Amino acid sequence: CMLGVSGVVFAETGKRGAPDEVTRGQVLYTNYCESCHRKEGVGEPPIPTGVRRLDYIEAMPLNESSHAWHHGDENLIQTILNGNSRTRTRMPVFQGVLTTNQAQDLVAYIKSLWSDRILSCQGPKHMSCM
């Protein structure tokens with residue numbers, strides 16, 4: 001699906017972002033995401049349940065080792081901007097901090113961490129690709 005906001009059309013779910021989007025997204029990722037989701041999206045290491053607080057959830061990997069690629073671009077952008085109310089998460093809401101264009105650039109960078117095979121299965125197609 002194509003995502004259009006204010007007349008701007010972004011990359012499609014399952015397609016790579018433009019090189020300039022990926023470059024801008026990498027800078028944003030370093031500034032806003034890397035402290036939790038770690039370099040190249042590897043996520044935080046699991047904390048043993050005997051030590052971890054019950055309300056603490058590690059930042060998930062954004063590379064292809066976890067399920068971020070199960071979501072389409074629009075859902076990923078909305079999660080960046082508005083958080084995820086369905087799960088207990090400590091991820092901040094970036095609405096008012098980042099623009100929709102910047103969230104799209106972040107998604108383009110995250111998608112650059114995925115193999116072509118995983119990218120081709122992004123979004124609703126993930127159920128039939130694997």
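This structure is a prediction, so every number in the text was calculated from the model and none was measured.
- Judged purely by atom type and a 3.5 angstrom limit, S112 uses its side chain to pair as donor or acceptor with the backbone of Y109.
- Counting only distance, with no hydrogens or angles, the side chain of E58 and the backbone of I47 share a donor-acceptor pair below 3.5 Å.
- Applying the side-chain hydrogen bond (donor to acceptor under 3.5 Å, both in side chains) test to pairs two or more places apart or on separate chains, none has a residue in residues 31-42.
- Rounded to the nearest 0.5 Å, atoms CD1 (I110) and CD1 (I80) are 5.0 Å apart.
- Note that the OG1 atom of T23 and the CG atom of D105 stand 9.5 Å from one another [nearest 0.5 Å].
- For the atom pair E44 CD and I57 CD1, the distance stands at 11.0 Å (nearest 0.5 Å).
- Atoms CG and CD, on L119 and E64 in that order, are 10.0 Å from each other to the nearest 0.5 Å.
- Taking the side chain as every heavy atom from C-beta outward, W114 and Q122 approach each other to under 4.5 Å.
- Under a hydrophobic clustering in which Ile, Leu, Val, Met, Phe, Trp and Tyr are joined whenever their side-chain heavy atoms come within less than 4.5 Å, directly or via other members, V107 and V27 fall into different clusters.
- The CG atom of L76 lies 7.5 Å from the OG1 atom of T13; values are rounded to the nearest 0.5 Å.
- Summarising the geometry, atom CG belonging to N82 is positioned 9.5 Å from atom CE belonging to M91; distances are rounded to the nearest 0.5 Å.
- In terms of heavy atoms, A108 sits closest to G17 at CB-CA, 4.1 Å.
- Checked against side chain to side chain contact (heavy atoms under 4.5 Å, CB included), S65 has the following partners two or more places apart in sequence or in another chain: P61, N63.
- In terms of modelled atom types and a separation under 3.5 Å, the side chain of S66 and the main chain of L62 share no donor-acceptor contact.
- The minimum heavy-atom distance linking A59 with C36 is given by the pair CB-O, 3.4 Å.
- Taking a cutoff of 4.0 Å between a charged side-chain nitrogen and a carboxylate oxygen, K111 and D73 qualify as a salt bridge.
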